Each structure stands twice: as structure tokens, then as C-alpha cells.
Amino acid sequence: ELEQDGSFPAGRGEKAAPVGITALGALAYMAAGSAPERGPHGQELARAIDYILSRTAPPDHPVHPGYIADEGDPASRTHGHGLATLALAQAWSMSPRSARGRRIDAALALATQRIEVSQGLEGGWAYSPVRGLEHEGSVTICLVQALRAARNVGLRVDPEVIVRAVNYVKELQDEAGGFRYKLGHETVTVA
């Protein structure tokens with residue numbers, strides 16, 4: 001059952017991840033055939049999407065416009081932002097002309113821009129929505145998937161951002177075909 005604010009129950013304390021968990025739950029509802037306010041989980045999905053929308057920083061945010069985050073979520077960070085952006089893209093494709101669809105459109109554009117402007121200097125992304133020297137493979141893949149979803153629903157995604165991300169991921173691959181956690185980190189894991 002969803003929390004009062006529309007999020008999925010998502011742990012407590014340092015392990016709380018309501019943005020990421022709610023985005024994954026919304027994606028699961030949509031994959032099972034529900035749309036916001038339609039289908040067996042339409043009402044829950046609408047509440048989850050509204051939660052994500054309510055956590056999207058407005059365009060006049062002084063630090064991170066478009067960043068999808070929750071003060072009570074120390075764990076999701078940019079992984080959660082990527083998953084939430086992906087969920088918004090999927091939800092928008094189901095009802096683009098509705099009032100919610102217009103809100104999703106605006107939030108999706110901001111969230112996509114946040115991803116683009118926070119790409120790291122090496123071509124990957126890190127746990128915070130800022131451009132810098134930090135980067136990590138799983139965050140990068142999560143954000144690239146979000147960019148692809150945004151592009152699939154008609155948003156313009158800077159092709160140079162994609163080229164840099166693809167090059168980054170190629171550089172992560174080792175000789176045996178595995179992928180490193182990040183550049184300069186030789187350990188290859190299943191993750």
C-alpha cells in the first residue's frame with residue numbers, strides 16, 4: 001500500500017529510497033498494463049506519478065532545477081533521479097494531452113536537462129546531480145536509459161551527451177568483456 005504522499009514504502013533511515021522505489025513501482029504498474037487512473041492499478045500509479053512530480057525541483061530552483069529528490073531519501077540520489085525520469089517518460093506516453101500529461105511534460109524536460117548538465121568530465125555520472133570529476137558505471141547506465149526514454153517520447157537529447165556516455169561505458173569494459181565500477185578502478189563485479 002502506498003504511503004500518504006503517494007510513495008511506495010521504501011525503508012527507513014540511511015536505507016530509505018522512496019524516489020527510486022516509487023519509480024520502480026510505477027514502472028512495474030505500467031509494465032503490467034495500468035496507466036495513470038486506468039487499469040487495475042491506475043489509481044496507485046497516478047498517485048506514484050504525482051509523488052514523483054511533487055519531488056521535481058522547479059525551473060527556478062537555486063541549485064538543481066529538474067532534480068527529482070526527496071529530503072527523506074538519502075539512498076536514491078541520481079539512481080533514483082534516472083529511474084524517476086524513466087517512469088515519467090513512460091507515464092507521459094500514456095496520457096500526453098491530459099492535465100497530468102502536461103505536468104509530466106514540463107517535469108520530464110527539466111529532469112532530462114538536469115541529466116545533461118550534470119554529465120561528468122569523463123562522460124559518466126556520479127551520485128550527485130552536478131558536473132565534476134566523479135563518475136560511476138551503474139549511475140551512468142541508469143541515466144542513459146532515462147535519456148533514451150525521454151528521446152523515445154520526443155524530447156531532444158543532446159547527441160554529444162550520448163556520444164560521451166557511450167565512450168565512457170566502452171572505456172569501462174575490460175579485456176574479458178566485464179565492466180569496471182568506474183574508470184581507474186580495476187575491480188569487475190556482477191553489478
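Values below: every heavy atom of this structure, side chains too, minus hydrogens, waters and symmetry copies. Everything numeric here is computed off the predicted structure, so don't read it as measured data.
Annotation for Pro18 and Ser76: closest pair N-OG, 4.3 Å, computed over non-hydrogen atoms. Between Ala16 and Gly72 the shortest heavy-atom distance is CB-O, 3.6 Å. Ala149 and Leu86 get closest at one heavy-atom pair: CB-CD1, 3.3 Å. Ile115 approaches Ala146 most closely through the heavy-atom pair CD1-CB, 3.8 Å. Considering every non-hydrogen atom in both Ile49 and Ala26, the closest pair reads CD1-CB, 4.2 Å. Between Leu2 and Ala48, the closest heavy-atom pair is CD1-N, 4.4 Å.
In this structure, CG in Leu183 is found 11.5 Å from CG in Leu133, a value given to the nearest 0.5 Å. Atoms SG and CG, from Cys142 and Leu147 in turn, are 10.5 Å apart once rounded to the nearest 0.5 Å. Of the inter-residue distances, the one linking Ser118 atom OG with His64 atom NE2 reads 9.0 Å to the nearest 0.5 angstrom. Atom CZ of residue Arg103 and atom OG of residue Ser54 lie 8.5 Å apart, to the nearest 0.5 angstrom. Here the CD1 atom belonging to Ile104 is positioned 10.0 Å from the OG1 atom belonging to Thr56, to the nearest 0.5 angstrom. The CG atom of Leu143 lies 7.5 Å from the OG1 atom of Thr85; values are rounded to the nearest 0.5 Å.
Using modelled atom types, one side-chain atom of Arg102 and one backbone atom of Arg97 make a donor-acceptor pair closer than 3.5 Å. Thr22 contributes a side-chain N or O that, together with a main-chain N or O of Phe8, makes up a donor-acceptor pair within less than 3.5 Å. When atom types are taken as modelled, the side chain of Arg164 and the backbone of Leu121 share a donor-acceptor pair closer than 3.5 angstrom. At distances below 3.5 Å, not a single donor-acceptor pair connects side-chain atoms of His81 with backbone N or O atoms of Ala69. Remark: side-chain polar atoms of Arg180 are paired, donor with acceptor, to backbone N or O of Leu172 under 3.5 angstrom. In terms of modelled atom types and a separation under 3.5 Å, the side chain of Ser98 and the main chain of Ser95 share a donor-acceptor contact.
Counting only residues at least two apart or in different chains, salt bridge (Lys or Arg N to Asp or Glu O under 4.0 Å) contacts with residues 25-38 comprise Glu37-Arg100. Each ring-ring contact (aromatic ring centres under 6.0 Å, His included) pair with one or both residues in residues 99-131, not counting sequence neighbours, appears once here: His79-Tyr127.
Each of Val169 and Val139 belongs to its own hydrophobic cluster when Ile, Leu, Val, Met, Phe, Trp and Tyr are linked at side-chain heavy-atom distances under 4.5 angstrom. A continuous path of Ile, Leu, Val, Met, Phe, Trp and Tyr side chains, each step under 4.5 Å between heavy atoms, connects Met30 with Val19, placing both in one hydrophobic cluster. At a threshold of 4.5 Å between side-chain heavy atoms, the hydrophobic network of Ile, Leu, Val, Met, Phe, Trp and Tyr places Ile68 and Leu110 in two separate groups. Clustering ILVMFWY residues whenever any of their side-chain heavy atoms sit less than 4.5 angstrom apart, transitively, puts Leu45 in the very cluster that holds Leu53. Both Val153 and Leu27 belong to a common hydrophobic cluster when Ile, Leu, Val, Met, Phe, Trp and Tyr are linked at side-chain heavy-atom distances under 4.5 angstrom.
Within a 6.0 Å sphere centred on CD of Glu116, other residues, nucleotides and ligands contribute more than 12 heavy atoms. Around atom CD of Glu160, more than 12 heavy atoms belonging to other residues, nucleotides or ligands sit under 6.0 Å away.
For the side-chain contact (heavy atoms from CB on, under 4.5 Å) with Pro36, the qualifying choice from Arg47, His41, Glu44, Met94 is Met94, the only one to do so. With Tyr168 as reference, His135 is the one residue of Gln119, His135, Lys182 to meet the side-chain hydrogen bond (donor to acceptor under 3.5 Å, both in side chains) rule.
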Audit row: Tyr67, His61, side-chain hydrogen bond (donor to acceptor under 3.5 Å, both in side chains) steps and yes/no
CA-CA 9 Å; Tyr67 187 51; His61 189 274; over 6 Å; no

Stepwise side chain to side chain contact (heavy atoms under 4.5 Å, CB included) test for Arg148 and Gln145
CA-CA 5 Å; Arg148 180 59 194 214; Gln145 290 174 328; 5.6 Å; no

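For Asp70, the salt bridge (Lys or Arg N to Asp or Glu O under 4.0 Å) test picks out Arg55, with sequence neighbours left out.
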